[in-house]
Amino acid sequence: MIQVKSGMRLGIDLGGTKIAGVVLDPKGTVVAECRMPAPQRDYAATIEALAAIITKLEGAAGRPGSIGIGMPGSISPATGLVQNANSTWLNGRSLKSDIEARLDRPVRLANDANCFALSEATDGAGEGAGIVFGVIVGTGCGGGIVINGRLVDGPRGISGEWGHNPLPWASAGEFPGPQCWCGRPGCMETWVSGPGMAADHARMTGESITALEIAERAGTGDAAALATLDRHASRLARGLAHVVNLLDPHVIVLGGGLSQIARLYAILPGLMQRFVLADTALVEIRPPRWGDASGVRGAAWLWDD
Ligand SMILES: [Zn+2]
């Protein structure tokens, strides 16, 4: 396999329903982009779709580049196989070696939340900060850790996966908590993801609406919607305070659909303070610079040389 060193970086975001890709020049400027639907429940077709979008991107950019791919779940360093992907047809597959064999090129893969964190730490909302915790609160709840510009990647490939820690400092009504797809009850994801917030609202009000609809209604002064947002912010604050006590990040950057709720940035630092074991300044919580584009950008930045 030959590694291309043209200074161009391809970043691919392999999502559940779509595959998006960009080519970045050395300054991080987008020189080409492309998206296509993701094949459903078909592993061989997923490999072919990845190869096809890479060919298209390199055609549009006029030259080849390094290839980084953000993915759901992660590659187990122990087995080389995909684990924890909600696109379940990827689980147990040797995605890295299969796509490398298809392309005859080296490919780097990382969890999509790790790509988000790397993007925002490299040239986004966390640029210049020593320790960055990037948080996805959207369909699911994930996270990634970047220290001094480098993604933290441990021996199990799960660094930053705070979404499957339990809600800390739970009150009686919050324990044991909703059942999570991972098999355990009360995971952060079951409370603070978009579906988690919507389920909480439905339990309390009997009304099924989405998280962003709840946020919109709260903006018009709807008391039940505001109460749901308050419960959600309290839980997110406790979960993040747990992370701060372990990692002590300089900056936390929020991503995913719920990062659009502007109110979070105003109230989270104050809500977190009583749970953070420090007497100093409030934790900085920032909105993303790149938003959804951080998936492809972070994948591109997996190649830093
Ligand atoms: Zn879980």
Side-chain angles (χ1 to χ4, degrees), residues 14-17 70-79 81-93 95 109-117 133-145 151-204 208 210-211 214 228 231-247 249 252-259 264 268 272 275 295:
L14 173 58
T17 57
M71 56 179 286
S74 64
I75 306 284
S76 163
T79 64
L81 306 178
V82 177
Q83 58 182 358
N84 301 331
N86 53 7
S87 303
T88 50
W89 58 95
L90 303 177
N91 287 325
R93 299 288 193 154
L95 180 61
L109 290 109
N111 169 258
D112 43 20
N114 284 9
C115 290
F116 168 78
F133 187 56
V135 174
I136 301 271
V137 272
T139 312
C141 174
I145 302 165
L151 197 53
V152 174
D153 195 16
R156 293 162 200 83
I158 58 165
S159 300
E161 286 291 358
W162 75 305
H164 299 278
N165 284 353
L167 175 68
W169 298 287
S171 62
E174 292 173 331
F175 186 81
Q179 189 63 29
C180 183
W181 63 264
C182 77
R184 301 165 186 90
C187 291
M188 284 304 303
E189 180 164 303
T190 68
W191 293 111
V192 303
S193 65
M197 188 211 275
D200 178 60
H201 187 77
R203 281 192 297 272
M204 300 303 282
S208 292
T210 67
I214 295 165
T228 298
R231 289 191 304 278
H232 178 264
S234 161
R235 290 162 183 156
L236 189 53
R238 282 178 274 159
L240 290 176
H242 211 215
V243 171
V244 170
N245 287 342
L246 183 69
L247 185 64
I252 294 175
V253 185
L254 300 186
L258 273 58
S259 69
L264 284 175
L268 278 177
M272 288 167 68
F275 299 104

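Remember, it's 1-based here, ligands and their atoms both numbered in the order they're listed. Every value quoted in this text rests on a predicted model; they were computed, and no experiment measured them.
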- Counterpart residues, side chain to side chain contact (heavy atoms under 4.5 Å, CB included), relative to Pro249 (two or more places apart): Ile131, Phe133, Val244, Leu247, Ile252

- Message: For a quick check under 3.5 Å, do Arg231 and Thr228 share a side-chain donor-acceptor pair by atom type?
- Response: yes

- Note on the structure: d(Leu258 CG, Ile136 CD1) to nearest 0.5 Å is 11.5 Å

- Could you tell me the separation between the OG atom of Ser159 and the CG atom of Asn111, rounded to the nearest 0.5 Å? 10.0 Å

Validation: residues 187-199 side-chain donor-acceptor distances under 3.5 Å, sequence neighbours left out:
residue: Glu189; atom: OE1; partner: Cys141; partner atom: N; Å: 2.9
residue: Glu189; atom: OE1; partner: His164; partner atom: NE2; Å: 3.4
residue: Glu189; atom: OE2; partner: Trp181; partner atom: NE1; Å: 2.8
residue: Thr190; atom: OG1; partner: Cys187; partner atom: O; Å: 2.7
residue: Ser193; atom: OG; partner: Glu189; partner atom: O; Å: 2.7
residue: Ser193; atom: OG; partner: Gly196; partner atom: N; Å: 3.0

- Check side chain to side chain donor-acceptor pair (under 3.5 Å) between Gln179 and all other residues, then give those that pass, not counting sequence neighbours. none

- Work out how many protein N, O or S atoms lie closer to the Zn ion (ligand 1) than 2.8 Å. 4

